[in-house]
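Just so it is clear, the model here is predicted, and its values are computed rather than measured.
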Amino acid sequence: MVDKRRYPIGIQTFSEIVEGDYLYVDKTEYVYNLTHQYKFVFLSRPRRFGKSLLVSTFKSYFEGRKELFEGLKAGMLEKDWAKYPVFHFNMSTAKYTDIEDTKNRLNSMICDYELEYGVESYNKDIKGRLQNLFREAHLKTGKPVVILIDEYDSPMLEVMHDPNKLVDFRNLFRSFYSPIKDCDEHIRFAFITGITKFSQLSIFSEINNLKVVSMFDEYDAVCGISKDEALTQLKPQIQGFADANECSFDEAVEMLTRQYDGYHFSKNSRDIFNPFSLLNALNDKELSSYWFASGTPSWLINQLKKFNFKIENLEGAQASITDFDAPTEGMTTAFPLLYQSGYITIKDYEKRQSLFTLAVPNNEVRIGLYKNLIPYYLAPSTQESNVFIAHFGVFLQDDKLDEALHLMRSFISSIPYDYMQEKEKSYHLIFFLIARLLCQFVDSEVKNSAGRSDMVLKTPTHIYVFEFKFQGKLDKALLQIDEKGYLIPYECDGRQIVKVAVNFSTEGHTIDGWAIDRGNGAECVSFSS
């Protein structure tokens with residue numbers, strides 16, 4: 001049966017989704033469990049992962065709007081519906097760059113609620129006004145208050161690059177958030193969301209009674225869409241995507257999985273889809289970079305530069321639990337912010353060593369991230385690199401390897417020489433970026449452990465195993481592929497295996513030759529004089 005419900009693209013209000021008969025993946029069981037298990041809760045998730053919709057769901061739940069939950073999990077679980085005074089503060093609705101303007105915005109939020117509950121303020125400072133507001137609302141309604149703060153860290157992230165402003169903003173928001181701890185007797189439930197966790201010595205020192213559920217297995221899919229939810233609650237929509245793309249249901253699932261799945265937020269997390277991208281893809285019936293295109297990664301580039309981050313380490317790095325919990329202001333590496341922001345995610349957990357393996361979650365993030373990194377590392381324009389990658393991928397799919405390598409030689413020649421500071425490492429970086437960007441056209445692997453070739457590219461018919469040399473011998477590079485057993489993992493694959501040796505030149509600052517062996521002897525191309 002075709003599901004005619006509309007997609008809630010851009011809609012973050014729970015009541016509007018339900019009353020408007022929009023498509024909704026039921027998260028209300030998480031709402032019920034959290035409100036019955038904890039009193040003070042903090043959850044971090046990347047942007048556009050459904051945090052605001054979750055906060056809105058809490059709001060409707062505590063407003064006692066039972067009718068909105070009919071047929072949903074919380075509607076079946078909750079027996080004692082009640083209306084509580086709810087205070088909802090969304091910190092992402094404005095730009096926060098001026099401290100006085102920010103104070104005025106916060107005071108305006110408080111004033112609106114003072115008028116709603118008929119509370120007269122006897123305090124001029126923000127902390128005192130909030131304490132008075134929560135106490136009076138409790139006394140007037142007979143119900144303890146519910147506090148919902150969405151994107152609490154948005155103001156701090158905007159001034160994180162300016163240490164002086166950050167201190168002022170941190171002090172201001174400490175006074176705004178501190179009543180969550182001070183007014184314990186007047187609070188039924190408090191829920192805070194954000195992307196990052198700020199230092200224990202700053203914001204969270206004022207509200208250290210929060211239960212951080214961000215990495216709890218039971219709440220892995222509280223935001224986002226799990227693979228199980230997609231296959232059950234979105235089955236008609238996926239079939240519609242498959243029909244539009246003239247493929248089977250299983251093929252459509254595979255396409256969507258490679259593009260938008262792959263997030264893990266705990267040790268034993270299920271596969272989680274990016275909800276913003278998945279719903280947009282199902283609505284448009286095409287794959288595109290929805291999440292990455294919705295926000296600029298310029299701040300991320302600045303952080304990578306600040307920590308002299310080697311982008312090759314984005315894939316396969318290991319981290320301990322304390323690395324995830326590192327205070328944002330005191331970071332010594334970009335990994336915490338990369339993880340919290342959704343650019344890398346958990347891919348594995350080694351219990352004995354208590355270590356997490358991290359990697360880029362999916363093709364959408366991988367392609368978007370590396371496309372934006374190319375101008376900073378390789379200098380050619382993004383448009384030029386996009387055109388190169390597209391043509392290179394098509395040549396590979398058509399098994400036109402010579403044409404692909406000629407194109408690569410031309411592309412590398414266009415990179416200014418002063419970008420190639422550590423020559424051999426620079427050339428390996430070029431191929432690393434190329435391999436990562438090619439994942440939109442072919443399967444790609446890169447060197448990340450001993451015993452693997454420098455680059456492996458897979459098409460439906462061929463597997464190309466690359467070995468790179470710097471001022472080396474092509475025949476020795478081909479021999480190394482055999483001696484090190486680089487072909488062994490692919491011998492039972494069924495596709496034709498092609499060995500490729502590529503040599504770089506110091507004088508020409510580009511490729512000066514390659515050798516291609518399809519199993520019947522090497523064909524060599526050389527540009528050396």
Tell me, which pairs form a salt bridge (charged side-chain N to carboxylate O under 4.0 Å, His left out) where one or both residues lie in residues 61-86, sequence neighbours left out?
E19-R65, E29-K73, K59-E63, R65-E67
Kindly write out the residues that satisfy side chain to side chain donor-acceptor pair (under 3.5 Å) with E218, not counting sequence neighbours, or none if the list is empty.
none
Taking the ring centre of each residue, are F356 and F335 less than 6.0 Å apart?
no
Does the R45 side chain pair with the main chain of F265, one donor and one acceptor, at a distance under 3.5 Å?
no
Residue set satisfying side chain to side chain contact (heavy atoms under 4.5 Å, CB included) with D184, at least two apart, ordered chain then number -> K39, F40
Using side chain to side chain donor-acceptor pair (under 3.5 Å) as the criterion, list what pairs up with T193, not counting sequence neighbours.
D150
Going by atom types alone, do D243 and Q239 pair a side-chain donor with an acceptor below 3.5 Å?
yes
Residues in ring pair (Phe, Tyr, Trp, His ring centres under 6.0 Å) with F241, at least two apart?
none
With E158 via salt bridge (charged side-chain N to carboxylate O under 4.0 Å, His left out) - residues at least two apart
none
Sequence-distant partners of E350, salt bridge (charged side-chain N to carboxylate O under 4.0 Å, His left out), two or more places apart:
none
Quick one: do the S15 and S60 side chains pair a donor with an acceptor below 3.5 Å?
no
Under 3.5 Å, is there a donor-acceptor pair between the side chain of D217 and the main chain of S266?
no
Aromatic ring centroids of F14 and Y24 under 6.0 Å?
yes
Do Y117 and F87 have their ring centres less than 6.0 Å from each other?
yes
May I ask you to check whether F273 and W291 place their ring centers less than 6.0 Å from one another?
no
Would a distance-only check, ignoring hydrogens and angles, find a side-chain to backbone donor-acceptor pair under 3.5 Å from N245 to C247?
no
Does any N or O in the side chain of K347 come within less than 3.5 Å of the main-chain N or O of H264, such that one atom is a donor and the other an acceptor?
no
Indicate every side-chain donor-acceptor pair of residues 105-113 with a distance under 3.5 Å to a residue at least two apart or in another chain.
from : atom 1 : to   : atom 2 : distance (Å)
R105 : NE     : D101 : OD2    : 3.1
N107 : OD1    : R129 : NH1    : 2.7
N107 : ND2    : K103 : O      : 3.0
Y113 : OH     : H88  : N      : 2.9
Y113 : OH     : H88  : O      : 3.2

Applying salt bridge (charged side-chain N to carboxylate O under 4.0 Å, His left out), name anything that partners K235, two or more places apart in sequence or on another chain.
none
Please name all residues satisfying side chain to side chain donor-acceptor pair (under 3.5 Å) with S154, sequence neighbours left out, ordered by chain then number.
none
Can you list the residues that meet the ring pair (Phe, Tyr, Trp, His ring centres under 6.0 Å) rule with Y84, with sequence neighbours excluded?
F62
Taking only residues two or more places apart in sequence, or in another chain, which ones meet D261 in a salt bridge (charged side-chain N to carboxylate O under 4.0 Å, His left out)?
none
